[in-house]
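Residue numbers run from 1 in the order of the sequence given.
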Amino acid sequence: MLRSSTSGIRRTLRVLRLGFGVALVALACGCTSLLISDKPRDPSTIYAPDPRVQADPAWPTVPWQLMIASPTAPRPIDSLRIAVRPSPNEMQIYKGARWAKSPTTMLEDALLRTLEDSGRIAAVARQGSGIDPDYKLVLDLRRFESDYAQASVPAATIEVSAKLMDARSQKVVASRTFLEATPAASTGVPDVVAAFEQSLASITRGLAGWTLTNGASPAGAPAR
């Protein structure tokens, strides 16, 4: 009688253990399905503005070297999300659209390439490149957004504060704020991106010419 009862208890415990194991497997599969879903994320279109700026014949040719410091920007501005300002106190993003590079990287790349391709400067390089610069260009990106500004279509708005500094004395030779706002052809994201490319080209052209001119002026002669 005792042996039969003991055998029944053992069988019951085996059944309970088996059920518990099945439950654990099911729970694990459930958690995995939450982490790895068969449903794909919302697709995003990646945009990569690539402005090509021709040198202005009025730009001077200079014998000095320039280092472009890595531009700074607040985190909400320097994002891969494309920012849009539907009203003065509201900031949103375009759903399903992203930048290929951050706005500060786009600005630095465009300016570096423009100055290099211009042939108007002895040498220009990024910060940490190892050159011995005469000047340092410090850039603060303040705005990089699609701004409706109470209009029916937005304008691709870019604002940059620039300081040209003597690399040895750290004296500010010149400073200026650049602002470009190019209206988009429509509210569609591709047209907005095209407007950003135009604004970025205009900002880059202005920065390049201003840098070369102010470094070449007598007041901007680098200290030795």
*Trace of the side chain to side chain contact (heavy atoms under 4.5 Å, CB included) decision for R120 with T61*: CA-CA 4 Å; R120 303 301 179 89; T61 299; 3.4 Å; yes

*Would you sort out whether L66 and L164 count as a side chain to side chain contact (heavy atoms under 4.5 Å, CB included), showing the intermediate values?*
CA-CA 9 Å; L66 175 71; L164 184 63; 4.0 Å; yes

*Test side chain to side chain contact (heavy atoms under 4.5 Å, CB included) applied to V124 and L137, step by step*: CA-CA 10 Å; V124 57; L137 183 61; over 6 Å; no

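For the pair Y94/T45, no side-chain contact is recorded, criterion being any heavy-atom separation below 4.5 Å from C-beta on. Counting only heavy atoms from C-beta outward, the side chains of F144 and T104 never approach each other to under 4.5 Å. Taking the side chain as every heavy atom from C-beta outward, K171 and M165 never approach each other to under 4.5 Å.
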Return all side-chain donor-acceptor pairs below 3.5 angstrom for residues 177-190, not counting sequence neighbours, or 'none' if the list is empty.
residue: T182; atom: OG1; partner: S199; partner atom: OG; Å: 2.7
residue: S186; atom: OG; partner: G188; partner atom: N; Å: 3.1
residue: S186; atom: OG; partner: D191; partner atom: OD2; Å: 2.5

Without placing hydrogens or testing angles, list every side-chain donor-acceptor pair under 3.5 Å for residues 47-56, not counting sequence neighbours.
residue: D50; atom: OD1; partner: R113; partner atom: NH1; Å: 3.1
residue: D50; atom: OD1; partner: R113; partner atom: NH2; Å: 2.7
residue: D50; atom: OD2; partner: R52; partner atom: NE; Å: 3.4
residue: D50; atom: OD2; partner: R52; partner atom: NH2; Å: 3.0
residue: D56; atom: OD1; partner: A58; partner atom: N; Å: 2.8

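Note: I82 CD1 to E145 CD = 13.0 Å, rounded to the nearest 0.5 Å.
Within a 6.0 Å sphere centred on CD of Q150, heavy atoms belonging to other residues, nucleotides or ligands number 12 at most.
Grouping the Ile, Leu, Val, Met, Phe, Trp and Tyr side chains by contacts below 4.5 angstrom, directly or via other members, places I93 apart from V153.
Annotation: side chain to side chain donor-acceptor pair (under 3.5 Å) contacts of D147 (sequence neighbours excluded): R143.
Relative orientation of the W99 and F196 rings is perpendicular, given thresholds of 30° and 60° on the angle between their planes.
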